[in-house]
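Below is one structure, written out as structure tokens, with a few remarks after it.
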Amino acid sequence: MKDVKCECGHVNPHGTVLCEACGKVLDEQEANKSKLLDMRYEGSARRSQTYNKTVIDKIWNFFSSVKVGVWLIVITLIASILGTIFPQEMYINLPPEVYYEQEHGWVGKLYYQLGFHDLYSSWWYLLLIAMIGISLVICSLDRVVPLYKALKAQRVTRNEGFLKRQRLFSASSNISEHDIEKIKDHLKLKRYHIREENGDLLAEKGRFSRWGPYVNHVGLIIFLIGGMLRFIPGMYVYENLWVKEGETALIPETDGKYYLKNKEFILEHYDKEKDRTFEQAIDRAGDVVKNYQSNVVLYKEKGESLPGEKPDLQKIKEYKVKVNLPLKFEGYSVYQSSYRSELVAMTFSLVKKDSSQSFGDITIDLKNPKKEYNLGNGYSVKIINYFPDFEFDDNGEPITKSRVPNNPAFVFRMISPEKPEGETSFVAIQQTIEPPGENAYKMAFKGIDTQEVSGFTISKDSTLWVIILGGIIFMIGVIQGSYWNHRRIWVQRKNGQIWIAAHTNKNWYGLKRELEFVLADTKLTFPKDQLQGEHEEKEEA
Amino acid sequence: MVEISGNLLFIAFILYLIATLFFGGSIKAKKDINKKKETNSWGKIAVCLTIVGFISQLGYFITRWIAAGHAPVSNMFEFTTFFGMALVGAFIVIYFIYRSTLLGLFTMPVAILVIAYASMFPREITPLIPALQSYWLNIHVTTAAIGEAILAISFAAGLIYLVKAIDQTKSNKQTFWLETVMFSLVTVLGFVVITTVFSIVGYEEKFTWVDKHDQEAVMEYTMPAITGPNEGELLTKDGFKPLVEMPAYINAKKLNTVIWSFLGGLVLYGLIRLVIRKRISAALKPLVKNIKLDLVDEISYRSVLIGFPVFTLGALIFAMIWAQIAWSRFWGWDPKEVWALITWLFYAAFMHLRLSRGWHGEKSAWLAVIGFVIIMFNLVAVNLVIAGLHSYAGS
Ligand code: HEM
């Protein structure tokens, strides 16, 4: 493809609409289109406007279109709305196949079947985000390079057609040099950067704001890349860890190096006697939690220990982990994320039913029950079967769901001098099932021991720095592009007159007010807003 | 302290009301002054009243902060009032850029409605649950609200644009939707009036009902029940019997409030129409006669330009920082977070349509209106209906 040489001598790349140097209209079609110039991207040669032959051209043109970009954004927006109609999978505490139908009827069922319960990690949602990312890259490249070249190559003296067809334009005759000097002073007061060439003048400010959108797009891309890094193993660790009071546990994903001891879990509520300010609110809403806290000790392993060997631990620090105050070490953070009370032991008495006489108590350690508890004098209790997390399966057989003692149940054999072979009894919380035939003895429930268990989240996010960097660059970019604008004022001698033209990339009203200041106390004609002229004509018609 | 705080808010509210009247006066009076650019004395008084009101509300904010020990932005009442204050603050800033009193005439009523709406929620000082005990809460919520308030100015300017630009001699889609916006604003007033009336007479009725887990529970209504709860049984003697019963997975009480507000809005709107005998937007038209369309268009866009970065910072970036500290992940797709993202995406689309696709003027004004609807949805519906981690304890 051939470059285009303008009559001013500047050589422009193929596809250029307005000469980079003098602004003359190079594209004949463009020349006849309308009264005003389309100043977007300075009429520079954008790849997407120039080539449309190969597949690559087509893909490039597709993604570089703002129309496509806006569609992608709008579709993502609508998709995001769908995901907020019902809670997402991670916020429910039932299996999703049960939850949605039970809570929201058939609509909920449909919601689940369509996969909206996990919308934000669905392949098509991620694809949408990825396409926005691609669009951002291509769109920005397509514009920023030619825009940069054009703005760099621009000359002070401009082509007549270029000036005349700016939105703000005026021509004034019989002007004294004095007025020109005054304008220059005013422009300097408004912090314009002034360039002069054979008596022509270009005042410009805020050009850097033109890069704002591209800077913010770069920030967004870095942010998205940061999000993608998560999928690289080792970059992102997110684990739950439950530690009982008094116990020490290995912190996962630390190569077996760090251990956490939970000394104590503390749960505090607001006390309306003490915090008088909150009295009314507490009366209305009931108890409000003031603090979740685990007092912990962090240990590091000294040297290597063999598997199974007791590790040799060295205390690193004590810390009070609270919500909003995670414990931090070596890039890891330990958060207080939840708590629960766990059953640790249950106590029963062996009781003779008719006399209610007790022959002794047994306390069963639920993690580690003994086979047999001897009560002396010929009385003893054997545990024949133990279901830590008991339920009946579909056939009515007792089974255990897990090894956590959430709902313990026992099959006891109660041995007494009268019944040396023993009697069998099935005991669960709140229910006792006896085999046919009357038992003479029963296991009477006496009490439970519980223990607090702190739920921690262990996280290590090595992608955070990329995300933060992306965020900072994005903010710099939006501020740069939004709080400043690029204004140019041309004051040039043409045909013995003084021509004034002005352009801004946004906020024309502000530019006009600035021009009022610049042209104050001079005899120059105030530039006419040729676009508004068109509007007003329409309005009056 | 709490009492002083409440009084300061009340004073601010009254001052805003009076200021609005003066803004109205400044527009009426403008005709007499032969087209001078200066704000006339009505306008000057209006702006002064607005500023004094703002300072008074700032006083409310500070005294309540001292009393509570935390920034008062932690429940529905506090957050919404703060939003109202930010709206007034944003107006003051934009006023000093563009000196348009007409903008005040459109912004102040919205701010007044927002504050009145806020006052319908429980007003006592609430203690902070552990997740909210962080100075990032203050930073995040205030910045987000300020960003939303600046974006809302774009709505006010957009509204002026539409009132001026849309031909009211015809009936078409434009006139219909613009009037719908007006009606919605009246409905908020309807909610405030109805709630206040029933609360003054102390209306109360109780039901036992069966929730979706088949548990029996008690529900208290503060308005006569048009929609009753699932298998509800009225306990209050002489209470109003519900006209329809709702299934268990619909919150009958909230729906009832919505219906009452809508009815209130309808009655108010009907009365207004009886008096003015034309559309509200048509009645407002003479007020906007002297404003230039390209000026309001620019105010609208400029507010988006100023507000968007503030919103991004507050509602996304600070929010992520806080979420990282409090919940161990900076983003969790909680409904409130998603709606912040939706708002952000919307304004991003807005700016692209405007800058690159030339959506100026009327199209841009409609987008400003839709943006405000999204913001209000996030503030009202997401908090009250779509419960999430952020859901404030409203009723
Ligand atoms: C959510 C994603 C995006 C955000 C937050 C974003 C943000 C922005 C912002 C704030 C501006 C400046 C607008 C103004 O000053 O009025 C801008 C400009 C622009 N954006 Fe984006 N953008 C996004 C996605 C895209 C995509 C996908 C494309 C590609 C199709 C794109 C293309 C452009 C273009 C061409 C400009 C105008 C540049 C100029 O005229 O100098 N943006 N963007």
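- Evaluation of the side chain to side chain contact (heavy atoms under 4.5 Å, CB included) rule for Val323(A) yields Tyr292(A), Gln336(A), Pro130(B), Ala131(B) as partners, not counting sequence neighbours.
- Using a 4.5 Å cut-off between heavy atoms, Asn291(A) touches chain B through its backbone atoms (N, CA, C, O) alone.
- For the atom pair CG (Leu353(B)) and NZ (Lys67(A)), the distance works out to 11.0 Å, reported to the nearest 0.5 Å.
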Q: Start with the C-alpha distance between Tyr120(A) and Trp331(B), add both sets of side-chain angles, then the distance that settles ring-ring contact (aromatic ring centres under 6.0 Å, His included), and finish with yes or no.
A: CA-CA 11 Å; Tyr120(A) 304 109; Trp331(B) 192 259; 8.9 Å; no
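- Taking 4.5 Å as the limit, some side-chain heavy atom of Tyr335(A) sits within range of a side-chain heavy atom of Gln324(B).
- Taking all atoms of both residues into account, the shortest heavy-atom contact from Glu298(B) to Trp508(A) is OE1-N, 3.1 Å.
- Interface residue Leu128(B): backbone and side-chain heavy atoms are both found under 4.5 Å from chain A.
- Highest contact tally toward chain B, considering only Tyr238(A), Trp71(A), Tyr483(A), Phe474(A), is held by Tyr483(A) [criterion: heavy-atom pairs under 4.5 Å].
- When heavy atoms are compared at a cutoff of 4.5 Å, Ile125(B) approaches chain A by way of both its backbone and its side chain.
- Taking CG of Leu355(B) as the start and NZ of Lys506(A) as the end, the distance is 5.5 Å to the nearest 0.5 Å.
- In Arg123(B), the CZ atom is not crowded: 12 or fewer heavy atoms of neighbouring residues, nucleotides or ligands sit closer than 6.0 Å.
- Heavy-atom neighbours of chain B within the stretch residues 75-83 of chain A, taken at a separation under 4.5 angstrom, comprise Thr76(A), Leu77(A), Ser80(A), Ile81(A).
- In this pair, His352(B) and His217(A) present their aromatic rings parallel. The plane angle is below 30°, not in the 30 to 60° band.
- Taking all atoms of both residues into account, the shortest heavy-atom contact from Met90(A) to Trp333(B) is CE-CB, 3.7 Å.
- Heavy atoms closer than 4.5 Å to chain B are found in the side chain of Gln102(A), but not in its backbone.
- More than 12 heavy atoms of other shown residues, nucleotides or ligands fall within 6.0 angstrom of atom CD in Glu362(B).
- Proximity to chain A among residues 302-312 of chain B is limited to Arg302(B), Leu305(B), Ile306(B), Phe308(B), Pro309(B), Val310(B), Thr312(B), judged by heavy-atom separations below 4.5 angstrom.
- Phe223(A) touches chain B through its side chain: at least one heavy atom from C-beta onward sits under 4.5 Å away, while N, CA, C and O do not.
- The backbone N or O of Lys290(A) sits less than 3.5 Å from a side-chain atom of Gln133(B), completing a donor-acceptor pair.
- The closest side-chain heavy-atom distance from Thr457(A) to Trp327(B) is not below 4.5 Å.
- The heavy-atom pair separating Gly332(B) from Tyr91(A) by the smallest distance is O-OH, 2.9 Å.
- Heavy-atom pairs under 4.5 Å with chain B peak, among Val478(A), Val288(A), Val289(A), at Val289(A).
- Contact of Lys322(A) with chain B is not made at all, since no heavy-atom distance falls under 4.5 Å.
- For the options Pro127(B), Gly361(B), Ala67(B), Ala326(B), heavy-atom pairs under 4.5 Å to chain A are most numerous at Pro127(B).
- Ion pairing of Asp294(B) with Lys512(A) is present here, as a side-chain N (NZ or NE/NH1/NH2) and a carboxylate O approach within less than 4.0 Å.
- Taking the six-membered ring where tryptophan is involved, the planes of His70(B) and Phe278(A) are essentially parallel, since the angle between them stays under 30° and well short of 60°.
- In this structure, chain B has a heavy atom under 4.5 Å from the side chain of Leu464(A), while its backbone stays farther away.
- Applying the 6.0 Å contact sphere to NZ of Lys320(A) captures no more than 12 heavy atoms from other residues, nucleotides or ligands.
- Using a 4.5 Å cut-off between heavy atoms, Ile472(A) does not touch chain B at all.
- Within residues 342-349 of chain B, the residues having any heavy atom less than 4.5 Å from a heavy atom of chain A are, in residue-number order, Ile342(B), Trp344(B), Leu345(B), Phe346(B), Ala349(B).
- There is no contact between Ile299(B) and chain A, counting heavy-atom distances below 4.5 Å.
- When each of Val74(A), Asn505(A), Ile467(A), Ile468(A) is scored by its heavy-atom pairs under 4.5 Å with chain B, the top score falls to Ile467(A).
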